[in-house]
Amino acid sequence: MTLQQLRYIVEVYKCGSITEAAHRLFIAQPSLSKAIKDVEDEFHITILKRGRHGASFTEDGMKFLQFAHRVLDASDDIYEYFSQGQPKEKDIYLSVSSQHYMFPVDALIRFMQRKAGAAGYVARIREVKTLQVVQDVLVQDSQIGILYVSDLIASYMHRLFEKNNLEFIPFYKFPPYVYLSKRHPLAGQKSLTVQKLARYPYVRYEQGGDPYQFSEEFVIPEICSQKVVYVTDRSTMFSILSHTDAYNLGTGCLIPSVASDDITAIPLKGEFGGMTIGWIQLKNMSLSAEMEEYIRLLRESLCQVSHVRT
């Protein structure tokens, strides 16, 4: 096994395709396939399940990715440390994947303000689909992942975390809220019901193959709309809510420094359980002092929210 083979395997995962990975690596597809097959033979495992519709990572393959990413990170650290012939102070580094929430952005803004005098830092925040949050943490593209677990899908999500050796640490549990424009016909209501929402477009974040299990919106089976719009980024979501009579469901966390002034949040009336916001990390993995500080800022950002947490 070589570092090059590990990089090949990680690139296949990032691209989601052997063909695309070979293109980005500037090598022939047969050469890439052989490199992966050599690793499989060496460890007597199957990393990629090959089929008519392409290749996907097996359970062993996903576990191998964890180790591959750690080895490559360690290799990069060794090179960085010794390449100049002397120890080099490591820059502050944060890497976070998140569902489409405002409070991680607010926390990052305040983190940057606190580090204004630092010699250097690297920070990355990715707003992605739910499953991508899990996968980013699994292969350590991100140190932590921020997402929610509702009462209705809690069993499924916790099985997913356990299977992938991930730990879920909760912040707070919220009741469901409806996001909509301040000019929406329902904007003056003190609370809303699913019946009142039925005639309006429901805009939500696209999740791919299993929108129910990985939904970023509060999972409420009673919600039934003939008009559904799927989006992939928060700015598009805000634009649609601001200029139409569409709505979205969530925690009701409108952070003043990030949220659009045109949007309000109204409680959804009914017995729908709770929505627990938290973060995931690999089990038994120590977080840096900077990440611990960022997590404290995340909690402080959520504490700005005026509505009652359960």
Side-chain angles (χ1 to χ4, degrees), residues 1-51 54-98 119-126 128-129 131-145 161 163-167 280-291 294:
M1 179 185 68
T2 66
L3 291 176
Q4 186 180 55
Q5 287 172 319
L6 296 183
R7 290 190 176 95
Y8 285 174
I9 292 169
V10 170
E11 191 64 29
V12 171
Y13 171 76
K14 289 180 177 179
C15 294
S17 160
I18 293 179
T19 303
E20 179 62 22
H23 177 73
R24 292 192 185 184
L25 292 165
F26 301 102
I27 63 173
Q29 182 175 331
S31 298
L32 177 56
S33 296
K34 184 180 184 304
I36 297 172
K37 186 66 168 60
D38 288 345
V39 175
E40 292 177 323
D41 291 343
E42 180 178 351
F43 291 100
H44 307 289
I45 61 173
T46 300
I47 294 174
L48 290 177
K49 184 178 180 181
R50 299 160 177 84
S56 59
F57 278 80
T58 64
E59 185 173 344
D60 281 341
M62 295 302 292
K63 187 66 178 177
F64 189 90
L65 271 171
Q66 291 184 44
F67 289 112
H69 210 282
R70 293 177 195 174
V71 171
L72 291 173
D73 280 348
S75 173
D76 291 343
D77 288 343
I78 291 171
Y79 181 80
E80 180 184 354
Y81 190 85
F82 291 107
S83 61
Q84 302 301 321
Q86 58 184 2
K88 180 181 178 182
E89 183 179 355
K90 188 174 179 64
D91 288 339
I92 298 169
Y93 177 71
L94 289 177
S95 181
V96 178
S97 289
S98 174
Y121 59 76
V122 175
R124 183 182 71 175
I125 182 166
R126 302 182 66 205
V128 293
K129 297 177 182 179
L131 188 56
Q132 190 65 54
V133 173
V134 174
Q135 291 174 337
D136 284 354
V137 177
L138 181 63
V139 301
Q140 284 297 278
D141 274 349
S142 292
Q143 297 158 293
I144 68 167
F161 299 152
K163 177 181 177 181
N164 289 288
N165 196 39
L166 297 169
E167 180 181 10
I280 56 172
Q281 66 176 75
L282 287 175
K283 286 183 179 179
N284 304 316
M285 174 164 283
S286 298
L287 297 176
S288 66
E290 291 79 23
M291 181 56 75
Y294 177 71

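What you see below is based on every heavy atom in this structure, not just the backbone, and it leaves out hydrogens, waters and symmetry mates. Predicted, not measured: the structure shown is a model, and the values here were computed from it.
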Review point. Who passes ring-ring contact (aromatic ring centres under 6.0 Å, His included) against Tyr8, sequence neighbours left out?
Key: none
Do [X] and [Y] have side-chain heavy atoms sitting under 4.5 Å apart?
{"X": "Phe64", "Y": "Leu6", "answer": "yes"}
{"X": "Gln143", "Y": "Ser288", "answer": "yes"}
{"X": "Asp60", "Y": "Thr46", "answer": "no"}
{"X": "Met291", "Y": "Val96", "answer": "yes"}
{"X": "Leu48", "Y": "Ile18", "answer": "yes"}
{"X": "Val134", "Y": "Ile280", "answer": "yes"}
{"X": "Tyr121", "Y": "Leu94", "answer": "no"}

Mind checking the [atom1]-[atom2] spacing from [X] to [Y]? Nearest 0.5 Å is all I need.
{"X": "Gln140", "Y": "Asp73", "atom1": "CD", "atom2": "CG", "value": "7.5 Å"}
{"X": "Ser97", "Y": "Arg126", "atom1": "OG", "atom2": "CZ", "value": "5.0 Å"}
{"X": "Met1", "Y": "Glu42", "atom1": "CE", "atom2": "CD", "value": "6.5 Å"}
{"X": "Ser56", "Y": "Met62", "atom1": "OG", "atom2": "CE", "value": "10.5 Å"}
{"X": "Glu40", "Y": "Ile47", "atom1": "CD", "atom2": "CD1", "value": "5.0 Å"}
{"X": "Met285", "Y": "Leu166", "atom1": "CE", "atom2": "CG", "value": "10.0 Å"}

Study note, to complete from the structure: Tested for side-chain contact (heavy atoms from CB on, under 4.5 Å) against Leu138, the lone hit among Asn164, Val133, Leu65 is Asn164
Exercise for review: Please list all pairs passing the side chain to side chain donor-acceptor pair (under 3.5 Å) test where one or both residues lie in residues 9-18, with sequence neighbours left out.
Suggested key: Tyr13-Gln135
Residue list, side chain to side chain donor-acceptor pair (under 3.5 Å) with [X], at least two apart or on another chain:
{"X": "Asp141", "result": "His69"}
{"X": "Asp41", "result": "Lys37"}
{"X": "Gln132", "result": "Asp136"}

Please tabulate, for side-chain N and O atoms in residues 27-36, each donor-acceptor pair with protein atoms closer than 3.5 Å (sequence neighbours left out).
unit_1 : atom_1 : unit_2 : atom_2 : d
Gln29  : OE1    : Thr19  : OG1    : 3.0
Ser33  : OG     : Gln29  : O      : 3.2
Lys34  : NZ     : Asp38  : OD2    : 3.1

Practice item. Check step by step if side-chain contact (heavy atoms from CB on, under 4.5 Å) holds for Phe57 and Ile9. Key: CA-CA 10 Å; Phe57 278 80; Ile9 292 169; 3.9 Å; yes
Review point. NZ of Lys283: more than 12 outside heavy atoms within 6.0 angstrom?
Key: yes
Check your understanding: Would the number of heavy atoms belonging to other residues, nucleotides or ligands and lying under 6.0 Å from CD of Glu20 be above 12?
Key -> yes
Review point. Is the side chain of Gln5 donor-acceptor paired with the backbone N or O of Thr2 at a distance under 3.5 Å, no angle test?
Key: yes
